[in-house]
2 protein chains.
Amino acid sequence: VEMQSTQIAGPFLLFLGDSQDSRLTKTAAGVHHWCPEMCKGQLRLDGETVDLGLADITPKKFQERYGSGTLIIGVANVGGIFPNSWIKTLVSALEHGLDIASGMHSRLADISPVSEAAHKYGRQLFDVRFPSGPLVVGTGKKRSGKRLLTVGTDCVVGKMYTALEITREMQARGAKVDFRATGQTGILIAGSGICVDAVVADFISGAAEMISPNNENDHWDIIEGQGSLSHPGYAGVSLGLLHGSQPDALVLCHEPDRKLIAFSESYPVPDIQTTIDKNSLAAKLTNPAAEVVGISLNSKSMERSQANDYIRSLQQLTGLPVVDPVRTGVGAIVDRLLQ
Amino acid sequence: VEMQSTQIAGPFLLFLGDSQDSRLTKTAAGVHHWCPEMCKGQLRLDGETVDLGLADITPKKFQERYGSGTLIIGVANVGGIFPNSWIKTLVSALEHGLDIASGMHSRLADISPVSEAAHKYGRQLFDVRFPSGPLVVGTGKKRSGKRLLTVGTDCVVGKMYTALEITREMQARGAKVDFRATGQTGILIAGSGICVDAVVADFISGAAEMISPNNENDHWDIIEGQGSLSHPGYAGVSLGLLHGSQPDALVLCHEPDRKLIAFSESYPVPDIQTTIDKNSLAAKLTNPAAEVVGISLNSKSMERSQANDYIRSLQQLTGLPVVDPVRTGVGAIVDRLLQ
């Protein structure tokens, strides 16, 4: 099954709107971090806007230098809708030969001037939160090739970051590997994928099956996890993704200082062993060989020595390789995968 | 939060199309079984069509006798789309003062002649598979009142039937109780509800929270379950529904002779104790007091004596009340609920 067959084409111009809050420009920062060679410039609506340190380029200049490419909407807006103040700039990008890609909750295609300009100038609009083709119910049929899924004790604990680091490390070692994106930033980075939290509920595991199809026996799909089995709002998405991914290997992501589940007022973050057991058990439904092969921490709130102690004690407790992708890299986990 | 605030209004005329296959007219049969006093007639396109034993009435006659009401699309069509041969009849129903309610995968509102006629005659179209209002992500906040959810070892094992029987039995005993529908046939029977498998994946548990809001402390919501935690395609829906429902009580539905999970080629039906453990454990995330309070069987494939032996042995094994709603009624489970 072919999905999202049209890849989002580089080079990229990163649109930052007029956001002065770097928490809202994380998508742009993520694309810049993971695809630095693709990002040729930033487009900011005024001088107070967050600065990623890229050249400020207008769509006209971008066209003169690079011919074509894609304007990436790299800024989230509270409420997820496009402000009117952006429209002129978006239309100008289309006029100057750029496609536009967005991970917002509302659609570029629903903004009449933008949709008309795309048609007029023959450009493409990528609303990556919305699946572009027909989906199916998951079948649970065994697929060839190997798969790794990142899971978490919570949302926003580094599941995308860890998956991308593992992919990069495996590529560096010459392994056959693909990153498989399941969220909007991941899709913008990978150029394809399906937002599994945006599909109709019946199709969660079917979408996961679709993004990681049959492959060579020694090929690894590194699948971006979503949510957490212990999140009162998102666990359904996490379970469907887990079943559809049929992972051979799970990597558990965790933020040591987090006390409460994200976006909840009273749910404690579950402990690591409970999370390992819960995910392993659920994963065995569609892949009896599934096992947790490592733990990936976001320990930025800790001093280095404190983080090292924590990593060592967690290794002893679980018998698993424990890493912080930023501090230690993910080599210890990849060692185990490629054994 | 108010959803689907406009109730589907009786009396009902059950539309059976030209189906000669009673497996395809189960929705009509279900509405007839559970709402006999509401169903005043059937509308069949020819003499070979399945006969529910109701009076054959034209929309014109229906209007003369009852003034207004709703035409229920009681027949499923392979592929879930409306054949052209139905359209004239649907338009005639609207012309004669009937609303139309459908649980099909495609929308009444998307058929131009039907949508235009509804507008012209001021009638309503209920596409019950599609949520009618905005949805939210589940919060996991504790709600007042009591809740029961039916869960299953598989799909299509009697979760709706059991929930409706428990509701009816509790009503008969004067308890405060409401059936909460989560699938299309249930919604047509109840007149409101949300198809949880048709919502965007992010909102599964939020939808379950919405259909069973805060209530009096001694009020029971009896929530229709969907899918199974052991189904490779649908477990995400089941887990989101379980978390959002915050059930105090779970009733496990099971078909003793089923060997393989529905719509799968190789997944075995899990055993009862495993299913009890899996559902109880998952339910405790949002309601630590959750417990399985009974087992409901569909034992129609067994001889009566064989079924009785099976029920007795399962009672001994689990220590729970075990019923077959058709053969024994659900009294034993309701006894335990109202203790």
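Remember, predicted model here, so these are calculated numbers, not experimental data. The analysis underlying the following values was restricted to heavy atoms, covering all of them including side chains, and did not include hydrogens, waters or symmetry mates.
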*Contacting moiety of V196(B), where chain A heavy atoms sit under 4.5 Å*: backbone
*Using a distance-only test with no angle check, is there a side-chain donor-acceptor pair under 3.5 angstrom linking S212(B) and R143(B)?*
yes
*asked:* So, taking the atom named CG in L149(A) and the one named CG in N287(A), what distance separates them when rounded to the nearest 0.5 Å?
replied: 11.5 Å
*Is chain A contacted by the side chain of S266(B), its backbone, both, or neither, given a heavy-atom distance below 4.5 Å?*
neither
*ring pair (Phe, Tyr, Trp, His ring centres under 6.0 Å) involving Y267(A) - partner list, sequence neighbours excluded*: none
_Residues in residues 221-250 of chain A that sit under 4.5 Å from chain B, counting heavy atoms only_ = L229(A), S230(A), H231(A), P232(A), G233(A), Y234(A), A235(A), G236(A), V237(A), L239(A), G240(A), H243(A)
*Could I get the full list of side chain to side chain contact (heavy atoms under 4.5 Å, CB included) partners for K26(A), not counting sequence neighbours?*
none
*L281(B), T139(B), V136(B): which one forms the most heavy-atom pairs within less than 4.5 Å of chain A?*
T139(B)
*With side chains defined as the heavy atoms from C-beta onward, is the minimum distance between V251(B) and I295(B) less than 4.5 Å?*
no
*asked:* Quick check on the interface: out of A201(B), G138(B), G140(B), C195(B), who has the most heavy-atom pairs with chain A under 4.5 Å?
replied: A201(B)
_Using only atom types and a distance under 3.5 Å, with no angle test, would you say the side chain of N298(A) pairs donor to acceptor with the backbone of V157(A)?_
no
*asked:* Any salt bridge linking D127(A) with R107(A)? Criterion: basic side-chain nitrogen under 4.0 Å from a carboxylate oxygen.
replied: no
*Which heavy atom of F82(B) sits nearest a heavy atom of S102(B), and at what distance?*
CZ-OG, 3.4 Å
*asked:* Applying salt bridge (charged side-chain N to carboxylate O under 4.0 Å, His left out), can you list everything that pairs with D202(A), at least two apart in sequence or on another chain?
replied: none
*Report the option among I204(B), V137(B), D197(B) that has the most heavy-atom pairs separated by less than 4.5 Å from atoms of chain A.*
D197(B)
_For chain A, which candidate among I261(B), T286(B), L285(B) shows the most heavy-atom pairs at distances under 4.5 Å?_
L285(B)
